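Naming: A, B, ... by sequence-line order, numbering from 1 per chain. Here the structure is a predicted model, which is why all the values come from computation and not from measurement. Hydrogens, waters and symmetry mates are skipped; everything else that's a heavy atom, side chains included, is used.
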2 protein chains.
Amino acid sequence: MEKLLDALKALSDETRLRILNLLYEKELCVCDIMETLQITQAKASRHLIYLKNADLVKDRKHAQWVYYSLAIDERIKFIDSLVYDNLRNLELYQNDLQNLKDWLKRKTMNCD
Amino acid sequence: MEKLLDALKALSDETRLRILNLLYEKELCVCDIMETLQITQAKASRHLIYLKNADLVKDRKHAQWVYYSLAIDERIKFIDSLVYDNLRNLELYQNDLQNLKDWLKRKTMNCD
DNA sequence: CTCTTATATTCGCTTATGCGATTATAAGAG
DNA sequence: CTCTTATAATCGCATAAGCGAATATAAGAG
């Protein structure tokens, strides 16, 4: 199956790794990712679709939002090791998690 | 450290995965890899150098041969999982291992 | 030295990738 | 309906990647 190669290609780009790192925390919509990583909407959308085509994430539409979440089954559990043992030792990805936390907090407050 | 990204880029090409799969068996010279995978010398050499630059393999020169072997430390042990749990379930990579075995046998016999 | 073998490097080409900017689509909100 | 917000798709461009063919280098062999 060449799906493995697709998955590896999906993992060979920093932006997609950063997105995947966020999705390991929780399901997120496109705008959460744009805000957290400070990237353009087109860029976020493009890379999410790339990850989806590689079967690493799945999406779910609700009203005008599209929510993305992990779709990593045990066939490719090496990705768990990659994220927990490697990615998250790096400052960039740690900072992204903190930024996500901050963003989600601000977002909730604005709804009050 | 961006070395992780280099490693992932190195893993996103089928030829390099096939080479890595072989090196998980044993140290090999460039010509073993050409013969086993039936690829050109330039292609084998190029991809081995790519893997070396990503710190996934190391080389050792002996007489006119250059021997390549794994250089995967525990920082990137997710690659072990990738190879043993994913790659080696795929027919292509299983066949490559058989071809390697056959080639090494033939090679030894020619030296008698 | 000269020839052969093993490996690396360069060249020119083709295709793939990533990007910003823009446009299209789709669902609410009012 | 019309306007706004969220997301996807398209376009044109620049750069990277992979390839075969040819050439360069380096070490033995004779």
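What separates CG of A:D59 from C1' of D:dA6 is a distance of 14 Å, to the nearest Å. Nucleotide C:dT5 holds its P atom 13 Å from the CD atom of B:E35, rounded to whole Å. Per the geometry, CD belonging to B:E14 stands 17 Å off C1' belonging to C:dT15, to the nearest Å. The separation between A:I39 atom CD1 and C:dG20 atom C1' is 13 Å, rounded to whole Å. Here D:dT5 presents its C1' atom at 8 Å from CH2 of A:W65, a figure rounded to the nearest Å. Rounded to an integer number of Å, the gap from CG of B:D6 to C1' of D:dA17 is 14 Å. Separating the CE atom of A:M34 from the P atom of D:dT5 is a distance of 13 Å, rounded to the nearest angstrom. The distance from atom CG of A:L5 to atom P of D:dA17 is 15 Å, rounded to the nearest whole Å.
Among the nucleotides C:dG18, C:dT7, D:dA21, the one closest to the side chain of B:C29 is C:dT7.
Although no hydrogens or angles enter the test, the distance criterion places no donor-acceptor pair under 3.5 Å between the side chain of A:R18 and the main chain of A:I33. Not a single donor-acceptor pair under 3.5 Å links the side chain of A:E14 to the backbone N or O of B:L5.
Taken from CZ in B:R88 to CG in B:L82, the straight-line distance is 10.5 Å, to the nearest 0.5 Å.
In this structure, A:Y68 reaches the sugar-phosphate backbone alone: every heavy-atom distance under 4.0 Å involves primed, P, OP1 or OP2 atoms, never a base. Residue contacts shown for A:A63 are limited to sugar-phosphate atoms, with no base heavy atom under 4.0 Å away.
Nucleotide D:dC1 has C:dG30 as its partner under the Watson-Crick or G-U criteria, with both atom distances under 3.5 Å. Base pairing of D:dA8 is made with C:dT23, judged by Watson-Crick or G-U wobble geometry with both donor-acceptor distances under 3.5 Å. When both distances must be under 3.5 Å, the Watson-Crick or G-U wobble mate of C:dT15 is D:dA16.
Nucleotides of DNA chain C nearest to A:Q64 and A:K9 differ in position, and the one nearer the 5' end is that of A:K9.
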Scan the side chains in residues 49-58 of chain A for donor-acceptor partners under 3.5 Å anywhere in the protein, sequence neighbours excluded, and list what turns up.
unit_1	atom_1	unit_2	atom_2	d
A:K52	NZ	A:D59	OD2	3.1
A:N53	ND2	A:I49	O	3.4
A:K58	NZ	A:L70	O	2.9

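Across residues 43-55 of chain A, A:K43, A:R46, A:H47, A:Y50 each have a non-hydrogen atom less than 4.0 Å from an atom of DNA chain C (numbered order).
Cation-pi geometry between B:R60 and B:Y67 is met: the NZ or CZ atom falls under 6.0 Å from the ring centre, inside 45° of the normal.
Note on ring orientation: taking the six-membered ring where Trp is involved, the planes of B:Y24 and B:Y84 are perpendicular (angle over 60°, cut-offs 30° and 60°).
If you check distances only, the side chain of B:Q41 never reaches the base of C:dA6 with a donor-acceptor pair under 3.5 Å.
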Worked check of side chain to side chain contact (heavy atoms under 4.5 Å, CB included) between B:F78 and B:L11 = CA-CA 12 Å; B:F78 74 90; B:L11 295 172; 4.1 Å; yes
